[in-house]
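A short write-up of the structure that comes next.
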Protein chains: 2
Amino acid sequence: MPVAGWDMEQKQRVAEKSPQAMPRPGGRAARIQAAVFKAVDELKQAGEELTVPAIATRAGVTPSTIYRRWGTLAELLSDVAVRQLRPDAAPPDSGDWRADLKGWLEQYAEEMASEPGRAMIRDVLAADRVDNACACSAYTGQQLDVIRQRALDRGDSPPDTAVLMDRVVAPVIYRILFGRETPGGEYVAGLVAEVLRDGEG
Amino acid sequence: MPVAGWDMEQKQRVAEKSPQAMPRPGGRAARIQAAVFKAVDELKQAGEELTVPAIATRAGVTPSTIYRRWGTLAELLSDVAVRQLRPDAAPPDSGDWRADLKGWLEQYAEEMASEPGRAMIRDVLAADRVDNACACSAYTGQQLDVIRQRALDRGDSPPDTAVLMDRVVAPVIYRILFGRETPGGEYVAGLVAEVLRDGEG
DNA sequence: CTCTAAAAGCAAATTATTTGCTTTAGTGGA
DNA sequence: TCCACTAAAGCAAATAATTTGCTTTTAGAG
């Protein structure tokens, strides 16, 4: 049973429990994982075929290393996709949290509906790795929490994160995954307007 | 470029345009497709490994037939999953459409959250076949339409199908796909209660 | 500095996929 | 009814991917 590629959260979590249980960040395991992830990115960029042998060659690694660590190409791609889906910055702060929420969702919808975005979601889901899928919604929840916290700091009462996930995130993702056309700006704005109308004290 | 397995809708659609363009329903193409689909079902039942050679053997067909018709195992499994996701009956009619809606959603959530259900959704999505994913939401929409039509017949004004998809179906599917735990009965009932409160008259 | 366990490399064996060519089944026209 | 014609299936050889047993390397512990 191969050990999944370690990401930072996992390191964190395990390290808390048993500080001795992790390879050093600069160790071989981490180096190889980085090389493989980079190889996948580069091949994707170059539009080359993503096969385990091709990735292995690019990463300067032997295919059996990848098979033993990740099991299948799908699981490797799932891990890669989760990393790429991790947000790199907090949502912008305009001072108006409602506008920030609307702006954030518009950008989120656009990114996820793009061809690369759709491919990443597919990759995450294709590999029956519950943790990876959960990480994606956790990232989204964290972004929403940032916006909500600003509202709370100003004494406002924004909808719960769970409500926002149900009312704005879920419909957008559902339409991206199961719909023929991608959710447009008016649609997204409508979702936000409705949840703000219904959901605030 | 392999031609995807024909399903009834496609036949219908093409047949309308050019009555001569389809193989007969009892023709070889249909027979082979049926044999392959059956083979997949049987292997799944038996818990055997699903590989193209295994499916081909079981179907009494040569692997290259499958590769040329479907391209990849993922696409074949996607086609199989869509067929299985097609509802086999209209939602039960108790005379109370609100109760029917709640009951239908509870059963839908349970089915989709089950391990076979999750696998089918994954299979449908894994194969970047927009038509297959769309068919799934179309089936769901049709079921909702049946319930709505009963409400309309009684002079009630149920929420639009699109609203129901956004407010009840999407959150359930989102949680199944991206959540750690499956949506429970209380949660589902809550979604229905809210959309009925917000969305009517 | 050595010892150990985990993970990587290597190569052979197995399995899956692709491909060129041949054969067959269904369709339309004489 | 019979004869082409086309699309799809069969077959088998060639290629590519995956698995596996064994050896070697590496990081970390004593």
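These numbers were taken from a predicted model, which means no experiment stands behind them. In what follows, chains carry the letters A, B, and so on, assigned in the order in which the sequence lines appear, proteins first and then strands, with residues in each chain numbered from 1.
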Who passes salt bridge (charged side-chain N to carboxylate O under 4.0 Å, His left out) against A:Arg58, sequence neighbours left out?
A:Glu42
B:Asp93: partners by salt bridge (charged side-chain N to carboxylate O under 4.0 Å, His left out), with sequence neighbours left out:
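Applying salt bridge (charged side-chain N to carboxylate O under 4.0 Å, His left out) to B:Asp93 gives B:Arg150.
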Specify the separation, in whole Å, of atom [atom1] of [X] and atom [atom2] of [N].
X: B:Leu76; N: C:dA16; atom1: CG; atom2: P; answer: 15 Å
X: B:Trp70; N: C:dT18; atom1: CH2; atom2: P; answer: 15 Å
X: A:Arg69; N: C:dA6; atom1: CZ; atom2: P; answer: 15 Å
X: A:Glu75; N: D:dT18; atom1: CD; atom2: P; answer: 12 Å
X: A:Arg28; N: D:dA27; atom1: CZ; atom2: P; answer: 7 Å
X: B:Glu49; N: C:dT14; atom1: CD; atom2: C1'; answer: 13 Å
X: A:Ile66; N: C:dA8; atom1: CD1; atom2: P; answer: 10 Å
X: B:Leu73; N: D:dT18; atom1: CG; atom2: C1'; answer: 15 Å

Respond yes when some side-chain nitrogen or oxygen of A:Arg31 is under 4.0 Å from OP1 or OP2 of C:dA8, and no when none is.
no
Do the side-chain N or O atoms of A:Thr65 get closer than 4.0 angstrom to the phosphate oxygens (OP1, OP2) of C:dG9?
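For C:dG9, OP1 or OP2 has a side-chain N or O of A:Thr65 closer than 4.0 Å.
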Without placing hydrogens or testing angles, list every side-chain donor-acceptor pair under 3.5 Å for residues 114-122 of chain A, not counting sequence neighbours.
unit_1   : atom_1 : unit_2   : atom_2 : d
A:Ser114 : OG     : A:Glu111 : O      : 2.7
A:Ser114 : OG     : A:Gly117 : N      : 3.1
A:Glu115 : OE1    : A:Arg118 : NE     : 3.4
A:Arg118 : NH1    : A:Ile176 : O      : 2.7
A:Arg122 : NH1    : B:Asp128 : OD1    : 3.1

Can you sort out the partners of A:Ser64 under side chain to side chain contact (heavy atoms under 4.5 Å, CB included), two or more places apart, ordered by chain and number?
A:Thr62
Would you please name every residue forming a side chain to side chain contact (heavy atoms under 4.5 Å, CB included) with B:Thr57, sequence neighbours left out?
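For B:Thr57 there are no side chain to side chain contact (heavy atoms under 4.5 Å, CB included) partners, ignoring immediate neighbours.
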Listing time: all N or O pairs from protein to nucleotides 19-23 of chain D that are below 3.5 Å?
unit_1 : atom_1 : unit_2  : atom_2 : d
D:dG21 : O6     : A:Arg68 : NH2    : 2.4
D:dC22 : N4     : A:Arg68 : NH2    : 3.4

Enumerate the salt bridge (Lys or Arg N to Asp or Glu O under 4.0 Å) contacts for residues 135-148 of chain A, please, sequence neighbours excluded, ordered by first and then second residue.
A:Arg148-A:Asp160
If a pair satisfies side-chain hydrogen bond (donor to acceptor under 3.5 Å, both in side chains) and one of its residues is in residues 173-185 of chain B, list it, with sequence neighbours excluded.
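Every side-chain hydrogen bond (donor to acceptor under 3.5 Å, both in side chains) pair that includes a residue of residues 173-185 of chain B, provided the two are not neighbours, is A:Asp131-B:Arg180, A:Asp166-B:Arg175, B:Arg175-B:Tyr187.
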Taking atom CD of B:Gln84 as the centre, report whether more than 12 heavy atoms of other residues, nucleotides or ligands fall under 6.0 Å from it.
yes
Under 6.0 Å from the CD atom of B:Glu106, do we count more than 12 heavy atoms belonging to anything else shown?
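Counting neighbours around CD of B:Glu106, more than 12 heavy atoms of other residues, nucleotides or ligands fall under 6.0 Å, so yes.
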With pairs defined as Watson-Crick or G-U wobble and both distances under 3.5 angstrom, please note down DNA chain C as a dot-bracket string, | for pairing with another strand.
||||||||||||||||||||||||||||||
For residues 145-168 of chain B, which residue pairs qualify under ring-ring contact (aromatic ring centres under 6.0 Å, His included), counting only residues two or more places apart or in two chains?
none
Using side chain to side chain donor-acceptor pair (under 3.5 Å) as the criterion, list what pairs up with A:Asp153, not counting sequence neighbours.
A:Gln149
Heavy atoms within less than 4.0 Å of DNA chain D: which residues of residues 51-59 of chain A have one? Give them sorted by number.
A:Thr51, A:Val52, A:Pro53
